[in-house]
Amino acid sequence: MSRLAIVMVLALCTAVFAQATKPTTVPSNLPQLLLDLGDDEAATRQSAATAIAAIGPVVLPQLQKAMDGSQDPEVRTTLQTLIADLERQDKSKPTLISLHVKEGSPKAAIEELSQQSGVPIDVWPEWVWRNIRTNVTIDADKQPFWVVMMDVCSQAGLTPQYMGGRSGNRVTLQGANHDKAVKPPMVFHDGYLFVLQSAQHSHTIDYGSSWGRVDSFAISIKALIDPKLFVLRGPDSLNVTEAVDEKGNSLKSDEKFEAENHVRASSWGATWMWDLNTQLKYVPNQGKLLKSFKAVASFVVAESQDTWELDVTKPLPATHAFPNGKYTVRSFTKQGDQCVIALDVDFSTKTVGARSGNDPYTDYNSIQSMIKVVDQEGKAYQNQGGGGGGGMGHASYTFTYAPRGSQDAGAPGAAAKIVWTIPTSIKNVEVPVEFNDLEIP
């Protein structure tokens with residue numbers, strides 16, 4: 001069986017079993033399925049590959065052991081493809097990349113990153129590649145996606161940037177506002193990469209109070225989230241637990257940390273990048289280094305999810321349940337090359353992520369990040385924004401979409417489906433962030 005055929009089989013497996021509950025234990029028939037991968041009959045081999053893909057990441061150790069012990073090139077190829085596919089599904093582990101490039105093309109490196117991770121990656125503007133005159137050298141074995149990506153970006157003079165509705169959940173890279181080969185301080189923890197951007201010093205005089213002159217500074221950090229994780233809500237600042245200079249002075253802001261406001265919906269509904277700006281203070285006889293900075297970033301993440309697909313040519317309305325209510329797509333209309341989705345949300349109780357009156361299952365920004373409009377080939381439209389609101393257990397929203405601009409892969413064709421990724425369970429995640437020996441502005 002050719003590698004192309006194997007990939008097609010596994011793609012079909014992924015589509016068929018995307019909404020199924022994966023087993024948590026290794027099934028007793030796995031040894032036989034592994035033997036069947038080497039069967040003389042193509043139908044038996046395909047059936048075994050389909051069955052193994054349906055089991056899920058729980059069988060990854062057994063697949064790796066089987067591949068290490070197999071001498072059959074065809075079986076090894078099938079197992080390699082299965083392992084790569086199931087590793088992408090395993091949300092308990094970061095997306096790992098192996099990339100070895102010596103003085104190679106940044107564009108080729110980015111394309112390989114996209115292929116290995118299954119994540120669409122754009123550059124904007126599209127002529128950015130013409131301005132890159134340098135090559136990159138990467139030597140990474142099973143390193144986290146964002147760690148490798150930032151290595152490529154720092155050498156090529158690129159930076160990840162969320163582009164609003166234009167990029168949706170695609171990763172977008174822009175030309176960086178700094179010299180090439182500059183790698184900022186960063187720290188990785190369980191799928192979250194925190195990249196230090198800058199520190200800004202401010203002087204404030206309030207003429208209407210007794211405060212007088214106030215000196216403060218803010219640390220700007222970019223949080224880059226593993227492609228496997230579906231983040232519904234993230235912070236716009238960090239909960240600082242320690243900020244000490246080299247003299248032992250505490251530089252924590254006097255403002256009280258309010259848990260009610262710590263996790264907020266992003267105004268742009270991104271799931272893979274969050275900008276965090278955290279205020280600190282100046283003190284008398286302050287040192288020149290932030291010797292120790294420790295903080296916590298809080299996110300609301302989908303533990304499991306369902307995919308609701310609607311054929312836009314079929315009659316509407318259509319309704320789909322979620323844990324505390326139901327979603328109804330009332331209409332899908334075309335206005336020139338744009339299309340508009342009108343939907344209702346009916347809900348009953350609050351959920352784990354519902355703070356400050358915002359429920360990640362029901363508020364505008366969260367729902368906006370869940371919905372895509374795609375053509376028959378799966379190419380996504382741009383989200384152009386929308387509006388709406390509600391209360392007392394009901395909300396109505398509209399979202400507008402338009403074909404993406406010219407891309408290497410081509411603009412999408414006619415809108416064919418609405419794809420709505422709906423969390424079936426969510427959890428709060430507290431991620432530690434720590435930097436040392438940072439210059440104070």
Side-chain angles (χ1 to χ4, degrees), residues 95 97 106-107 109-114 117-134 136 138 144-188 191-200 218-231 233-238 264-278 297 299 365 368-369 372 380-385 402 404-409 433:
T95 299
I97 301 295
K107 183 177 181 181
I110 294 296
E111 289 173 349
E112 178 64 21
L113 265 169
S114 178
S117 64
V119 176
I121 302 173
D122 291 338
V123 294
W124 190 88
E126 295 167 25
W127 43 259
V128 154
W129 294 124
R130 299 202 301 266
N131 293 340
I132 297 177
R133 300 283 188 264
T134 186
V136 298
I138 309 293
F145 171 86
W146 278 115
V147 172
V148 181
M149 172 68 85
M150 288 304 296
D151 197 359
V152 175
C153 286
S154 65
Q155 293 184 52
L158 295 167
T159 184
Q161 184 60 53
Y162 190 80
M163 299 297 294
R166 184 183 191 284
S167 60
N169 291 333
R170 301 168 71 94
V171 170
T172 306
L173 306 177
Q174 277 187 302
N177 295 319
H178 57 67
D179 294 333
K180 295 177 176 62
V182 174
K183 183 180 288 188
M186 46 191 164
V187 59
F188 180 81
Y192 300 81
L193 182 69
F194 297 92
V195 183
L196 191 63
Q197 300 292 290
S198 62
Q200 304 89 32
I219 292 180
S220 176
I221 294 173
K222 183 178 291 184
L224 299 169
I225 315 301
D226 191 279
K228 292 177 184 175
L229 300 177
F230 184 14
V231 176
R233 197 177 294 281
D236 58 8
S237 63
L238 296 171
R264 301 176 179 143
S266 163
S267 61
W268 28 260
T271 62
W272 62 270
M273 192 187 88
W274 301 79
D275 287 316
L276 315 177
N277 293 286
T278 302
F299 297 91
N365 291 305
Q368 181 176 231
S369 70
K372 292 192 299 183
Y381 276 49
Q382 294 180 31
N383 185 317
Q384 302 290 299
R404 296 174 59 84
S406 173
Q407 299 288 331
D408 290 342
V433 182

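Because the structure is predicted, anything quoted here is derived from the model rather than measured.
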Do L224 and F188 come within less than 4.5 Å of each other through their side chains, counting heavy atoms only? no
Taking C-beta and beyond as the side chain, do I221 and L238 meet within less than 4.5 Å on heavy atoms? yes
So which heavy atom on [X] is nearest to which on [Y], and how close?
X    : Y    : result
I110 : M149 : CD1-SD, 3.7 Å
I225 : W146 : O-NE1, 2.7 Å
Q155 : V136 : OE1-CA, 3.4 Å
V152 : P106 : CG1-O, 4.5 Å
L276 : P235 : CD2-O, 3.0 Å
K222 : P160 : NZ-O, 2.8 Å

Q197: partners by side-chain hydrogen bond (donor to acceptor under 3.5 Å, both in side chains), with sequence neighbours left out: none
Can you list the residues that meet the side-chain hydrogen bond (donor to acceptor under 3.5 Å, both in side chains) rule with T278, with sequence neighbours excluded? none
Just verifying a value: how many Å separate [X] [atom1] and [Y] [atom2], rounded to the nearest 0.5 Å?
X    : Y    : atom1 : atom2 : result
E112 : I121 : CD    : CD1   : 10.5 Å
L229 : T95  : CG    : OG1   : 7.5 Å
M150 : L193 : CE    : CG    : 7.0 Å
I97  : D151 : CD1   : CG    : 13.0 Å
T172 : W124 : OG1   : CH2   : 10.0 Å
W272 : S369 : CH2   : OG    : 14.0 Å

Short question: side chain of S237, backbone of N277 - any donor-acceptor pair under 3.5 Å? no
Can you check whether D236's main-chain N or O pairs, donor with acceptor, with W274's side chain at less than 3.5 Å? no
With Y192, which residues qualify under ring-ring contact (aromatic ring centres under 6.0 Å, His included), at least two apart? F299
I would like to know whether V128 and L173 meet side-chain contact (heavy atoms from CB on, under 4.5 Å); could you show each step before the answer? CA-CA 9 Å; V128 154; L173 306 177; over 6 Å; no
